[in-house]
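Inspection log for the structure reproduced underneath, given as structure tokens.
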Amino acid sequence: MVTIATWNVNSLRVRLPHVLDFLQVHQPDVLALQETKLPDADFPIDAFKEIGLNVVFSGQRTYNGVAIISRAKVNDVITDFPDFVDPQRRLLMAVVQGICILNIYVPNGESVESEKYQYKLNWLSHLTHFIKKQLKKYPDLVVLGDFNIAPKEIDVRNPESWEGKVLFSQPERQAFQALLDLGLVDLFRAKNPTEQAYSWWDYRMNAFKRNLGLRIDHILCSQPLYARSKSGSIDKAPRALQRPSDHAPVIAQFA
DNA sequence: ATGGTTGCAACGCAA
């Protein structure tokens, strides 16, 4: 069994104890992190090395930052799109046990009127092009992370109030569909066709207690991996801890 | 009700 997970930790400095607990409980082969908010010089390599895990990361101060924690050795690391210069550290690709792991932190977009929204759509367009090329090289491929897109109405607690808003606007949902059109499968939805489950709840307004959430963190897998897939799930437990990340981990299991 | 909470880092910005 191969277990692959993703989690937006919203500061690895603050959430390191939660991450170590998660690794202990789930023993994933790969854990992709987003929003580490750490420059590479400050990454807590030893905390993972001590428990026998490998790490690669692409970080920056204060914002963004992605990392891959892995039981097996990590090869062929890429931190940038080949044709798009982006100072924001949002992409980290690596190959683990022959599986291409593409860890992404998609721009939030702020609001549909903002420049950041255009940056988000542009970023997604480059991502789609990049994945298309990687799929030819790596038949076993997962794209996972914080997509900042809820694909369907079922993925939003109050779809009426979110219609047209950032995270649920039609252009974003179309960009998500374009990823599926590459042949990728939204594993959580494929395994749980009617389950209303969320991966992010705003810190404000008691959103978690009221379950006012969105499913914006995803694990997409290529067809050969989908054929091996056993489950896709969201672990809500860490969101209920003291001083939690606002996101919950998403977990995939493969034979 | 156009709010509210968190993290970073410096009292604003991003989410």
Side-chain angles (χ1 to χ4, degrees), chain A residues 6-22 31-44 47 57-67 85-92 103-124 127 144-151 155-169 171-173 175-176 198-218 234-250:
Chain A
T6 177
W7 194 5
N8 178 325
V9 291
N10 185 19
S11 168
L12 183 56
R13 217 189 293 275
V14 174
R15 234 64 69 188
L16 183 59
H18 292 190
V19 172
L20 294 174
D21 283 351
F22 179 84
L31 173 60
L33 302 178
Q34 303 85 39
E35 280 206 272
T36 55
K37 298 188 175 179
L38 286 173
D40 288 347
D42 295 345
F43 196 92
F57 40 82
S58 178
Q60 65 184 91
R61 203 181 69 133
T62 313
Y63 305 117
N64 312 311
V66 281
V85 176
D86 185 5
Q88 301 190 23
R89 302 293 79 199
R90 299 179 173 278
L91 177 74
L92 182 60
N103 178 15
I104 60 170
Y105 175 45
V106 176
N108 170 283
E110 190 182 33
S111 71
V112 295
E113 301 86 8
S114 70
E115 280 182 26
K116 287 175 193 162
Y117 180 77
Q118 292 307 320
Y119 164 63
K120 179 180 194 173
L121 295 178
N122 187 37
W123 198 95
L124 286 163
L127 174 69
L144 76 176
D146 177 359
F147 287 63
N148 270 316
I149 302 171
D155 303 310
V156 182
R157 174 61 183 273
N158 286 321
E160 330 64 56
S161 67
W162 280 93
E163 191 60 55
K165 303 270 175 58
V166 75
L167 309 182
F168 193 55
S169 72
E172 293 166 273
R173 292 161 67 184
F176 186 86
Y198 312 122
S199 67
W200 171 80
W201 301 259
D202 201 297
Y203 282 124
R204 297 165 288 190
M205 307 296 285
N206 277 317
F208 183 64
K209 276 185 184 165
R210 298 158 68 200
N211 199 26
L212 297 174
L214 277 73
R215 192 174 70 91
I216 58 175
D217 300 85
H218 308 292
I234 299 172
D235 179 14
K236 278 178 74 168
R239 184 63 178 80
L241 296 172
Q242 290 291 106
R243 220 180 170 193
S245 166
D246 45 352
H247 294 252
V250 183

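We name chains A, B, ... by the order of the sequence lines, and we start the count at 1 in each one.
Side-chain atoms of A:D86 come within 3.5 Å of backbone N or O of A:Q88 as a donor-acceptor pair. With hydrogens and angles disregarded, a donor-acceptor distance shorter than 3.5 Å links the side chain of A:R157 to the backbone of A:N211. Side-chain N or O atoms of A:R239 include none that pairs as donor or acceptor with a backbone N or O of A:W200 at under 3.5 Å. The closest donor-acceptor contact from the side chain of A:Q34 to the backbone of A:N8 lies under 3.5 Å.
Protein atom NZ of A:K165 is 10 Å distant from nucleotide atom C1' of B:dT2, rounded to whole Å. Between the C1' atom of B:dT6 and the CG atom of A:N206 lies a distance of 14 Å, rounded to the nearest Å. One interatomic measurement links the two molecules: NE2 of A:H18 to C1' of B:dG7, which rounds to 14 Å at whole-angstrom precision. In this entry the distance linking CG of A:D202 with P of B:dG7 reads 13 Å, nearest Å.
Atom name C1', nucleotides B:dA10 and B:dA14: the rounded distance is 15 Å, in whole Å. Going from the P atom of B:dC11 to that of B:dA1 covers 34 Å, rounded to whole Å. Comparing B:dA9 with B:dC13, their P atoms sit 16 Å apart, to the nearest whole Å.
A side-chain donor-acceptor contact under 3.5 Å links A:N64 and A:R90.
Stem regions annotated for DNA chain B: B:5-8 with B:12-15, counting only runs of 3 or more consecutive pairs of Watson-Crick or G-U type with both contacts under 3.5 Å.
Contact of the A:R243 side chain with the A:V14 side chain is registered, since non-hydrogen atoms from C-beta on lie closer than 4.5 Å.
Using a 4.0 Å cut-off between a side-chain N of Lys or Arg and a carboxylate O of Asp or Glu, A:K165 and A:E172 do not qualify as a salt bridge.
Here the CG-CD1 distance, from A:L167 to A:I149, works out to 8.5 Å after rounding to the nearest 0.5 Å.
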For nucleotides 8-15 of chain B, give me one character per nucleotide, 5' to 3': B if any protein heavy atom sits under 4.0 Å from the base, S if the only such contacts are to the sugar-phosphate, - if neither. SS----SB
